[in-house]
Amino acid sequence: MRHDARENAPVAGKGSAEGRAEGRKPVGRPRRIEARQIVDAARRIIQEEGVDAVSMRRVAKEVGTTPMALYHHVRDKDELLMLTLSGMAATVPRPALPDDPRERVLATAVHMHAVLRGMPWVVEVLGLGDLTDKGALWMVEEIIASAVACGLTPDEAVRAYRTIWYCVYGDLVFRRAVDRRTAEPDRKRYFPALLSDEDAAELPHLTALADRWEQLTEAYDVREQLAAVVTGLLSA
């Protein structure tokens, strides 16, 4: 009887090297990611959950890769946040500005407020400090240059710009807080409800205005108030 050597050859299955190889998932290159995917994921997280929710680990999970892979594209969280800001100012056309330098300062400040009002998540990132969109710096340059044209020294112009920025930023932060409160109608409102007639002696004006406080704050005109600030700064 003829013996066929193939009969004793191991069958490709779990017990063979070939079988073990077939049982493993193929090893290939890690998923390729683009910088655009990383930035889009970071922006989405900020918009939905806030800046504190952003981390290299979280963004890596969103794009389906590892934190280590992200470091090939961005150095750290600060650089990642800078990238989320990059190009945002360019999405809004620059306005036609008046020739008068005083009006130019005001128009630029109002435009700055309007742009950021439409991008509340950007306000949160800017609140971290020295992060900014380079494409938005034309507004800073415009305010300082126009302030100098009005007679301020460069140092005074920088301080004037900072005061204007504080007014813009502060109003936007307050408006965002109001929006959050509006989204929670059942939330208890402490001010001005906590005021009573007993407070009139110590807080006469606040007590007298308490019933109309919300009405007065809702009627707040940003342009009008910025105009008063700009006039004061440039007159000084």
Side-chain angles (χ1 to χ4, degrees), residues 43-54 81 84-85 88 92 95 102-133 136 139-140 143-144 146-147 150 152 156-236:
R43 282 179 181 166
R44 186 170 60 252
I45 294 169
I46 297 172
Q47 289 173 325
E48 296 175 359
E49 303 175 45
V51 173
D52 290 342
V54 177
L81 292 175
T84 67
L85 293 176
M88 293 308 300
V92 181
R102 184 184 299 267
E103 290 299 317
R104 207 172 177 87
V105 171
L106 176 58
T108 305
V110 171
H111 175 72
M112 180 187 295
H113 183 279
V115 170
L116 293 174
R117 177 73 172 134
M119 304 176 185
W121 68 270
V122 172
V123 177
E124 188 174 356
V125 177
L126 294 176
L128 297 177
D130 57 355
L131 304 179
T132 190
D133 176 8
M139 290 181 273
V140 182
I143 290 175
I144 292 175
S146 298
C150 287
L152 272 61
E156 291 170 338
V158 169
R159 289 193 287 270
Y161 160 71
R162 293 197 62 158
T163 299
I164 291 169
W165 167 243
Y166 293 154
C167 292
V168 169
Y169 178 77
D171 180 74
L172 291 168
V173 170
F174 180 77
R175 286 173 182 268
R176 190 165 191 189
V178 170
D179 290 342
R180 284 197 296 266
R181 289 199 299 270
T182 302
E184 301 175 20
D186 296 331
R187 182 178 177 181
K188 184 176 179 179
R189 312 258 173 118
Y190 288 95
F191 180 81
L194 55 78
L195 295 174
S196 67
D197 293 340
E198 297 176 356
D199 299 304
E202 184 179 357
L203 307 168
H205 291 89
L206 285 178
T207 305
L209 293 169
D211 292 341
R212 296 190 299 125
W213 189 264
E214 289 190 14
Q215 176 188 346
L216 292 170
T217 53
E218 287 174 2
Y220 185 87
D221 187 318
V222 173
R223 192 182 196 285
E224 179 182 306
Q225 299 306 315
L226 282 174
V229 170
V230 169
T231 297
L233 289 169
L234 298 184
S235 297

> Counting heavy atoms not belonging to E184, are there more than 12 under 6.0 Å from its CD?
Replying inline: yes
> Going through the distances and angles, do R159 and L233 end up as a side chain to side chain contact (heavy atoms under 4.5 Å, CB included)?
Replying inline: CA-CA 9 Å; R159 289 193 287 270; L233 289 169; over 6 Å; no
> Roughly how far apart are L209 CG and T217 OG1, rounded to 0.5 Å?
Replying inline: 11.0 Å
> Roughly how far, to the nearest 0.5 Å, is CG of L126 from CG of D133?
Replying inline: 9.0 Å
> If only atom types and distance count, is the side chain of S235 paired as donor or acceptor with the main-chain N or O of G232 below 3.5 Å?
Replying inline: no
> What's the shortest heavy-atom distance between L195 and A210, and which atoms?
Replying inline: CD1-CB, 4.3 Å
> Would you find more than 12 non-hydrogen atoms of other residues, nucleotides or ligands less than 6.0 Å from E198 atom CD?
Replying inline: no
> Where do P192 and W213 come nearest, in terms of heavy atoms and distance?
Replying inline: CG-CB, 3.8 Å
> Does the side chain to side chain contact (heavy atoms under 4.5 Å, CB included) test come out yes or no for Q225 and D171, once each step is laid out?
Replying inline: CA-CA 11 Å; Q225 299 306 315; D171 180 74; over 6 Å; no
>> Which heavy atom of A109 sits nearest to which heavy atom of I164, and what is that distance?
In response: CB-CG2, 3.7 Å
>> For T84 and W121: C-alpha separation, side-chain torsions, deciding distance, then whether side chain to side chain contact (heavy atoms under 4.5 Å, CB included) applies.
In response: CA-CA 10 Å; T84 67; W121 68 270; 3.8 Å; yes
> Which pair of heavy atoms, one from L194 and one from D199, lies closest together, and at what distance?
Replying inline: O-OD2, 3.8 Å
> Can R175 and D179 be counted as an ion pair, charged N to O under 4.0 angstrom?
Replying inline: no
> Nearest heavy-atom pair of L106 and A227: which atoms, and what distance?
Replying inline: CD1-N, 3.6 Å
> If only atom types and distance count, is the side chain of R102 paired as donor or acceptor with the main-chain N or O of L234 below 3.5 Å?
Replying inline: no
>> Tell me whether the count of non-hydrogen atoms from other residues, nucleotides or ligands lying under 6.0 Å of CZ in F191 goes above 12.
In response: yes
>> When you compare the side chain of V168 with that of L226, does any pair of heavy atoms fall below 4.5 Å?
In response: yes
> Out of curiosity, M119 CE to L172 CG, how far, rounded to the nearest 0.5 Å?
Replying inline: 12.0 Å
> What's the spacing between M139 CE and Y161 OH if we round to 0.5 Å?
Replying inline: 8.5 Å
>> Just checking D197: does its CG atom have more than 12 heavy atoms from other residues, nucleotides or ligands closer to it than 6.0 angstrom?
In response: no
> Which is it for V92 and H111 under the side chain to side chain contact (heavy atoms under 4.5 Å, CB included) test, yes or no, and what are the steps along the way?
Replying inline: CA-CA 10 Å; V92 181; H111 175 72; 3.9 Å; yes
>> Can you confirm whether E49 is buried at CD, in the sense that more than 12 heavy atoms of other residues, nucleotides or ligands lie under 6.0 Å from that atom?
In response: yes
> What distance separates I143 CD1 from M112 CE, expressed to the nearest 0.5 Å?
Replying inline: 4.0 Å
> Do you know the tightest heavy-atom contact between A147 and V105?
Replying inline: N-CG2, 3.9 Å
> Between atom CZ of R176 and atom CZ of R117, what is the distance when rounded to the nearest 0.5 Å?
Replying inline: 10.5 Å
>> Under the side-chain contact (heavy atoms from CB on, under 4.5 Å) test against V122, which residue among I46, V115, L85 passes?
In response: L85
